[in-house]
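In each ligand, atom 1 is the first atom listed, and ligand 1 is the first ligand listed.
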Amino acid sequence: MRRVTFTQYLVEQERKRKTVPAELRLLLEVIARACKAISHAVGKGELADVLGAAGTDNVQGEAQKKLDVISNEVLVEANSWGGSLAAMASEEMEEPYQIPNEYPKGRYLLLFDPLDGSSNIDVNVSIGTIFSILECPPDVTEPDESSFLQPGARQVAAGFAVYGPSTVMVLTVGHGTVGFTLDREVGTWVLTQPRIEIPVSTKEFAINTSNARNWPAPVRRYIDECVAGKDGPLGKDFNMRWVASMVADVYRILTRGGIFMYPADAKHKEGRLRLLYEANPMAFIVEQAGGAASTGTQRILDVQPGKLHQRIGVILGSSEEVRRVEGYYAQAG
Ligand code: AFP
């Protein structure tokens, strides 16, 4: 099969649709190279001094893992000099990162969760990197937090890498969702899924059931119906998966369908996942693959952010199931 590389895919997207100008392509290529470096560090595991706690907390007050810090440093360093960015923001940094004065600034804003699934690092379960790209407001020369507070529908690109048995990258630039696999021997990202489409229905749900006592009624109702199986109102048996790395759960859903749920609940009043660099990029990717992404009461990509690190409830995946859950929210008023 003809191997289409990451760069070739982006060049062809520009030729066909004028959606990937050279400045955006360079930014995406730099991010892809940084993900290769993170994949290499993750793959070392115990053989390098990269596991365990870093001994510091991030802005969220969460204990950082060494790989959280390493991954953040890789992405910040890689993206500082290219000239594509006006600024960047990370789950690991309280304030937006300003491009150093010795480098030119560009038109884009980059947001990322450098290592999603940190609680899985030391137990050798798949983790990943999530990124989102916005355009800097045209009249802004010194971007601050407010420059990033744009609805997810304004994203020009989004993607994530999964550092698993193979290292894969999922990407959308607004015309469908595609997947690449890292050829480690050559160090090239190869297009392996040229058109990802999420099945509209599913028999698999992903939720952390230890939160069941906190769930809102519509979620309780839906999960009870899934567990009731073929004798229940949904008329089919369901399976459950919960990796606790959003990148792994979403990649599975992109591959074979499913519904992923981390709703706002009695314990996580705003939700647990971050709107700007987890929910929004995943929602863009999932919608471009024919799925749906909702808070339960609102399309995620329509949410107007109020804070850089704000959290949000997330229900995404096979459109039929997401719409069903939205219906239960609507009925519950
Ligand atoms: P960590 O990065 O702190 O492990 O959180 C991962 C995550 O943000 C997302 O990737 C998972 O879907 C979700 O949190 C897992 O949350 P629980 O640990 O509460 O199941």
Considering only heavy atoms of Glu278, which atoms of ligand 1 have at least one such atom less than 4.0 Å away? 8 (O)
Under the 3.5 angstrom rule, does the side chain of Gln155 hit a backbone N or O of Ser132 as a donor-acceptor pair? no
So, Thr295 side chain and Gln298 main chain: donor-acceptor pair closer than 3.5 Å or not? yes
With backbone taken as N, CA, C and O and side chain as the heavy atoms from C-beta onward, which portion of Ser119 lies under 4.0 Å from ligand 1: side chain, backbone, both, or neither? both
Compare all side-chain heavy atoms of Ile253 with those of Ile259 and state whether any distance is below 4.5 angstrom. no
Short question: side chain of His309, backbone of Arg274 - any donor-acceptor pair under 3.5 Å? no
Considering only the protein, which heavy-atom contact is closest to atom 19 (O) of ligand 1, and what is its distance? Tyr262 OH, 2.6 Å
Close N or O approach (Ser245, ligand 1; < 3.5 Å): no
Give yes or no for whether the N/O distance cutoff of 3.5 Å, strictly under, is met between Gly117 and ligand 1. yes
Which atoms from ligand 1 have a heavy atom of Phe260 less than 4.0 Å away? 12 (O)
Quick check on contacts: which atoms of ligand 1 are under 4.0 angstrom from a heavy atom of Leu273? 7 (C), 8 (O), 9 (C), 14 (O)
Counting N and O atoms only, with roles assigned by atom type, does the side chain of Ser84 sit under 3.5 Å from a partner on the main chain of Glu23, one being a donor and the other an acceptor? yes
Quick one: does Ser118 get an N or O within less than 3.5 Å of an N or O on ligand 1? yes
Have a look at Ala248, Ala206, Ser210, Ala244 and point out the one with the heavy atom closest to atom 11 (C) of ligand 1. Ala244
Any N/O of Asn120 closer than 3.5 Å to an N/O of ligand 1? no
To atom 3 (O) of ligand 1, the nearest of Glu62, Arg272, Lys267 on a heavy-atom basis is Arg272
Would you mind reporting whether Ser245 and Ser119 have side-chain heavy atoms less than 4.5 Å apart? no
For Asn208, the ligand 1 atoms with a heavy-atom partner under 4.0 Å come out as 17 (P), 19 (O), 20 (O)
What part of Asn211, side chain, backbone, both or neither, has a heavy atom within less than 4.0 angstrom of ligand 1? neither
Taking every non-hydrogen atom, the tightest pair across Leu109 and Ala86: CD2-CB, 4.0 Å
Selected option - heavy-atom contact closest to atom 10 (O) of ligand 1, from Arg311, Met246, Met261: Met246
Would you check if Leu182 and Met169 make a side-chain contact, meaning some heavy-atom pair closer than 4.5 Å? no
Please determine which of Glu270, Glu145, Glu94 meets the salt bridge (Lys or Arg N to Asp or Glu O under 4.0 Å) test together with Lys307. Glu270
